[in-house]
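Chain naming here is simple, since letters A, B, ... match the order of the sequence lines and numbering starts at 1 in each.
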Amino acid sequence: EVQLVDSGGGLVQPGGSLKLSCAASGFTFSDSAMNWVRQAPGKGLEWVGRIRTKTNNYATVYAESVKGRFTISRDDSSNTAYLQMNSLKTEDTAVYYCTTLVVSAPGDYWGQGTLVTVSS
Amino acid sequence: DVVMTQSPLSLFVTLGQPASISCRSSQSLVYSDGKTYLNWFQQRPGQSPRRLIYKVSNRDSGVPDRFSGSGSGTDFTLKINRVEAEDIGVYYCMQGAHWPRTFGQGTKVEIK
């Protein structure tokens with residue numbers, strides 16, 4: 001069974017940092033690009049960023065709203081993707097989902113999400 | 001960025017009746033490989049999004065055949081043949097042809 005388990009969310013003050021984790025199982029993680037998508041309370045979905053595979057040099061791309069503040073990384077040995085979030089703003093408050101976000105083939109997987117609240 | 005515009009944003013449907021959601025993109029979603037990358041997602045209340053359709057009209061495994069996707073270029077449609085109670089939730093289109101990936105605003109489907 002495929003599983004993505006998101007963790008690491010919590011309450012953080014503006015300007016603070018947080019690191020989210022996404023533990024994968026049930027599929028070949030090392031062959032899959034991984035994305036993060038967020039959803040502010042009561043709002044729609046916003047793509048945050050993506051990391052490609054080792055074959056593709058772990059290339060990353062980010063939404064303008066988080067570029068320079070957020071960093072996606074991965075550890076294929078532990079089947080885990082990460083989202084390091086620095087210089088957090090109140091507008092970063094959202095549920096963060098890790099997802100394969102496949103656009104071209106069968107099989108697309110999402111985590112259960114983890115809530116990040118940025119507030120003083 | 002490619003802007004994805006959905007309509008309507010809210011849809012009240014009678015059980016057993018059809019429903020249709022439109023999604024328009026500000027740029028063509030035909031990629032350099034000639035394929036069109038438009039996905040549809042369903043998000044039930046309190047749940048993570050779930051992909052229903054990829055590349056305009058390909059249903060994911062386990063998705064009932066009452067769901068169908070169509071369209072081309074910049075105009076796309078998700079149809080639900082006969083709405084069932086389990087179909088309530090918010091539906092999003094998303095383009096996969098350009099970076100950054102962008103989603104429509106979402107269409108909330110409720111039962112009359």
Kindly indicate whether the side chain of Cys93(B), heavy atoms from C-beta on, has any atom under 4.5 Å from the side chain of Phe76(B). no
Among Arg44(B), Arg66(B), Arg50(B), whose salt bridge (charged side-chain N to carboxylate O under 4.0 Å, His left out) with Asp87(B) holds? Arg66(B)
How would you list, in number order, the residues of residues 88-104 of chain A that have a heavy atom less than 4.5 Å from chain B? Tyr97(A), Leu101(A), Val102(A), Val103(A), Ser104(A)
Please classify the contact of Asn58(B) with chain A as side chain, backbone, both or neither, using a heavy-atom distance under 4.5 Å. neither
If the contact rule is any heavy atom under 4.5 Å from chain B, which residues of residues 45-55 of chain A qualify, in numerical order? Leu45(A), Glu46(A), Trp47(A), Arg50(A)
For residues Val90(B) and Ile111(B): do they belong to one hydrophobic cluster (side chain heavy atoms under 4.5 Å, members Ile, Leu, Val, Met, Phe, Trp, Tyr)? no
Looking at Gln95(B), Met94(B), Gln105(B), Lys35(B), which makes the most heavy-atom pairs under 4.5 Å with chain A? Met94(B)
Are Asp108(A) and Tyr54(B) close enough, and set up right, to give a side chain to side chain contact (heavy atoms under 4.5 Å, CB included), and what steps lead you there? CA-CA 10 Å; Asp108(A) 181 47; Tyr54(B) 64 97; over 6 Å; no
Output the distance between atom CD (Gln84(A)) and atom CD1 (Ile72(A)), rounded to the nearest 0.5 Å. 11.5 Å
Measure the CD-CZ distance between Glu1(A) and Phe27(A) for me, rounded to the nearest 0.5 Å. 12.0 Å
What pair of heavy atoms forms the shortest contact from Ser20(B) to Thr77(B), and how long is it? OG-CG2, 3.2 Å
Applying a strict 4.5 Å limit to non-hydrogen atoms, the region of Tyr31(B) in contact with chain A is neither
State whether Tyr37(B) and Arg101(B) meet the cation-pi test: NZ (Lys) or CZ (Arg) under 6.0 Å from the six-membered ring centroid, and within 45° of the perpendicular axis. no
For residues Gln112(A) and Val5(A), determine if any side-chain heavy atom of one lies less than 4.5 Å from a side-chain heavy atom of the other. yes
Do the ring centers of Phe70(A) and Tyr62(A) come within less than 6.0 Å of each other? no
Could you look at Gln39(A) and say if it's the side chain, the backbone, both or neither that has a heavy atom under 4.5 Å from chain B? side chain
Check: Phe67(B) ring centre within less than 6.0 Å of Trp40(B) ring centre: no
